[in-house]
Structures are given as C-alpha cells and as structure tokens.
Protein chains: 2
Amino acid sequence: MRDAPTAKGRATRARIVEGAAGVLREQGVTFTTLDDIRARTGTSKSQLFHYFPEGKDELLLAVAQFEADRVLADQQPHLGCLDSWESWRKWRDVVVERYERQGDQCPLGSLFLQVGRSRTGARAIVAELMRQWQAQLADGMRALQAGGLVSPALDVERASAALLAGIQGGVSIMMSTGDSTHLRAALDDCIERLRASAGDRDRT
Amino acid sequence: MRDAPTAKGRATRARIVEGAAGVLREQGVTFTTLDDIRARTGTSKSQLFHYFPEGKDELLLAVAQFEADRVLADQQPHLGCLDSWESWRKWRDVVVERYERQGDQCPLGSLFLQVGRSRTGARAIVAELMRQWQAQLADGMRALQAGGLVSPALDVERASAALLAGIQGGVSIMMSTGDSTHLRAALDDCIERLRASAGDRDRT
DNA sequence: AGCACTTTGGACTTGCCGGTCCATTTCTGG
DNA sequence: CCAGAAATGGACCGGCAAGTCCAAAGTGCT
C-alpha cells in the first residue's frame, strides 16, 4: 500500500498526510484524533486504514517523514550553497523567519516523542534529518575554507555540530517561551565565530 | 491541598510526585496512565485525586516543577560559581555526565509538550527555568570578565543565550540519536570562544 | 458491457483510562 | 477516649477514540 496502485489512490494518500500534518501542527499529537484528521481531509475511517493498515502509528510516521523533508527543503536554495558571507546571512534570515512564522507549533519534536517509543522508525527519521542538515552546514564551512574566508584550522565537524545544536535549542526554547532571541543568538554567535577565525578582510 | 495538613499527607504527596516522575521518565507522558503511577507509588486512585483534585494535569504540572527544580540543582555547586576556567570545565563535565546518564529519557521536554496546550502553567515553568539557567551562565561570564579572563567587550547576554541554546539543542539531539557529540560540541565550542576572547594567558 | 480490483462510506465494537463515590481506617487535639 | 478531620481502598461509571467490517460505488481493462 506504500505506493497505491492508482493515481487517485496516491492522491488521496497524499491528501491525508498533508492534512494530518496540518492538524498535528495546530493541535499537537496528543490532542489529535483520527476523527480530526478524517474531518480535515474529508475522508472516511476506512480510507485511513486502507492507506495506513497499521493504523495511527504508521500515519504518524508518514507525517514525520513529510515534515522532515520540508525542513531542509524550506532552507533551500541557501543551505545548499553556503560559500560566501552573503549566502550565510541569507540562510540565517530564512531560518529565523521560517521558525518565527511557525511559532509554537513543533511538527517534529512532539511527533517523534510520541512515536519514538513505539516505533524505532521515528528516531531514524530525525537522526537522518540531523545528519543531512549538519552535513550541509559542514559543506558550507568547507566552502568558506576553500575560498580563504575561514581558517583551514577550523574543526569543521565540531563547529557544524555546535551550530546545529544551537539551532535546535534555539527553536525548542522558542517553543516554550515564544521568543526567538536564543535562536538568533545561537546563529549569530556561531557565524561570528567563523568570521573571527578568518583574517579580518571581507567583513560584509 | 497544596500543602497537606498533616505530615503523613505531605509525605504521600511527595511520594506520588517522585514516583510519577520516575514512571514518566521511563515511559513518556503519552504512555503513562494514572494506574501506572498508582502501581509504582503504592497508592489508590482516591489518593491521587485527594492530593491533586484537578486530576492528571495538576499532577503532571507538579512533576514538571519537580523536574525543573532538579535540573539546576544537579548542576550545583559548579553552576553557581563559574569564576575560573577550571570551574567552567568542571561544570561542563557535570552537564555532559548528567545528560548522558539520563540517556533518552526526557523528563521535561515531553512533559511540557503535553501539558503546555491545556495549562499555561507548564510553559511558565520551562520559561522560568530557562531564565534562571541563562542568568547563572551570564553571571559566570561576568565573573570571568571581572577577573580579566575574558574581554569586557563580550556581549554576555548573547553569549549566554547562545550557550543555553546549544545545551538545549545538544540534549534534544541526544534524545533522538543517543549520541552526545552535539552536546559536547556546543559546550566546548562556546567555552572555547570565551577563551579566545581573552588574551591568551591562563589557558588551563 | 462485464469482470476484477480499488476506493469509499459509515455503523459498530471494544477496551482503556480519567474521574467519581462511598465506605473504612487512621490520625490529631482536647 | 472520643469526636471530627484526614487519609486510604477500591468498586464503579461513562465517554472517547482506535480499530473492524461489510456493503456500495467507482475505475480500468478487454
């Protein structure tokens, strides 16, 4: 049932996932029932179980994957070519803007907390997301190094890990406080350190 | 009922909170029922509602407060006197050790996600925890400044916000990946930057 | 058109779990 | 030792939400 036989089926499945993602963002996993999803997506109970035979968990997992894909996509094209200070700045702005708009809705955090226990799949999704995210940050740092904008002595692995951690923490703090100060601080602090590790030329 | 009339009552209430905290860590909020808590704490249903008349939410909130108090307490006495590089190092080790031991059990994160929607109280607890935590980090940085170990030009507010974000993110990444690399990276990176902002003397 | 398969509708079942209630026991103060 | 309050035990209730099932409608292929 992963890929439905007919086009109509595939469309319905996609509609369910997308609609479910919306409901989940608004209400949180805990307070979302299959009936809510049914109502939002204009489907019947049997459809839900037709496309997700293993029930709610399977659907939640599909939504988690859907959201995870969006996280990186939303940062493109900037995340993909972090080879100048200007591109880093733009990327930073996109990240801040995206998460501020999202506000206190945490599509992934809560999802994997719920599903994580029962299905190991959820952890894998998040872990893979983190891996790719960090890899792209590391690529960007190496691009700066290649351009002579950052010291070759910089420990790229560690710096990218720290930056990723800062983002995650910034976002999760924003979830509880509604304030993006920490996210901004983490991003700016890390980027500024990259700058400091260069010579002082090209401070744009 | 906040503070029970008799000593026995107070003891029971405390036993419930503590036991509930244990169950919640192990199973997560979603999969924990009042019966689980009842079993663990050797109490009866009526006791639960006797001490927490508003039901599960009230109990969850009490546990959240209990856990929040522990977070800072576990970092003492180091967090309280971050006035030398040595004390920062010790504190860093304590944080890493504490969260590695905790592993993938997230006492607070999941709690406030659940309760946060229904009761605003949970957010307040987390927000207050973050405030105090960051304040103590900022104090530590100012102590370093006072001792001439760190440049007076350092933006303490931003640096402490970034550090806190890094810790939070490091911990939450560890929740999904089981790996403390990011937490360590965030701590070490931030502390190293503090060092770099000083003159180079006293690099112990 | 006709057959097989997919998709859809929605009533129904089932079990769980938060919450209620009252009876009983244990404390405490005088 | 006694009254009144606090603490405890546990049976019971009611609602909700996940999951089942079968019949009906649509779809595509020959």
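Below, chains carry the letters A, B, ... as their sequence lines are ordered, and counting in each starts from 1. The analysis underlying the following values was restricted to heavy atoms, covering all of them including side chains, and did not include hydrogens, waters or symmetry mates.
- We find that CZ of R13(A) is positioned 16 Å from P of dT6(C), with the value rounded to whole Å.
- Between the CG atom of L60(A) and the P atom of dA18(D) there is a distance of 10 Å, given to the nearest Å.
- Spacing between atom CZ of R38(B) and atom P of dG10(D) amounts to 8 Å, rounded to whole angstrom units.
- With sequence neighbours excluded, the residues forming a side chain to side chain contact (heavy atoms under 4.5 Å, CB included) with D139(A) are R142(A), listed by chain and number.
- Judged by distance alone, the side chain of W91(A) and the main-chain N or O of H78(A) form no donor-acceptor pair under 3.5 Å.
- Partners of S44(B) according to the side chain to side chain donor-acceptor pair (under 3.5 Å) rule, which considers only residues two or more places apart in sequence or in another chain, are S46(B), Q47(B).
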Under-3.5 Å N/O pairs linking protein and nucleotides 1-3 of chain D:
none

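- In this structure, T12(B) has no side chain to side chain donor-acceptor pair (under 3.5 Å) partners at least two apart in sequence or on a different chain.
- Rounding to whole angstrom units, CZ of residue F52(B) and P of dG18(C) are separated by 15 Å.
- Every residue two or more places apart in sequence or in another chain that forms a side chain to side chain contact (heavy atoms under 4.5 Å, CB included) with A159(B) is listed here: D189(A), M141(B), L154(B).
- Under a 3.5 Å cut-off, the side chain of R38(B) and the backbone N or O of T43(B) do form a donor-acceptor pair.
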Original post:
Could you write nucleotides 19-30 of chain C as a row of B, S and -, 5' to 3', where a protein heavy atom under 4.0 Å of any base atom gives B, of only sugar-phosphate atoms gives S, and otherwise -?
Top reply: BBB----S----
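- Residues passing the side chain to side chain contact (heavy atoms under 4.5 Å, CB included) test with V71(A), sequence neighbours excluded: Q75(A), R98(A), Y99(A), L108(A), L129(A), W133(A).
- Taking Q76(A) as the reference, L79(A), Q136(A) meet the side chain to side chain contact (heavy atoms under 4.5 Å, CB included) condition, with sequence neighbours excluded.
- Separating the CZ atom of F31(B) from the C1' atom of dC16(C) is a distance of 14 Å, rounded to the nearest angstrom.
- The shortest distance between the side-chain N/O atoms of Q47(B) and the OP1/OP2 oxygens of dA7(D) is not below 4.0 Å.
- Applying the 4.0 Å criterion to OP1 and OP2 of dT8(D), one finds that Y51(B) has a side-chain N or O inside that range.
- Separating the NE2 atom of H50(A) from the P atom of dA24(D) is a distance of 19 Å, rounded to the nearest angstrom.
- Between D35(A) atom CG and dG10(C) atom C1' the separation is 11 Å, expressed in whole Å.
- Remark: D69(B) engages Q65(B) in a side chain to side chain donor-acceptor pair (under 3.5 Å) (not counting sequence neighbours).
- Distance CZ (R15(B)) to P (dA7(D)): 12 Å, rounded to an integer number of Å.
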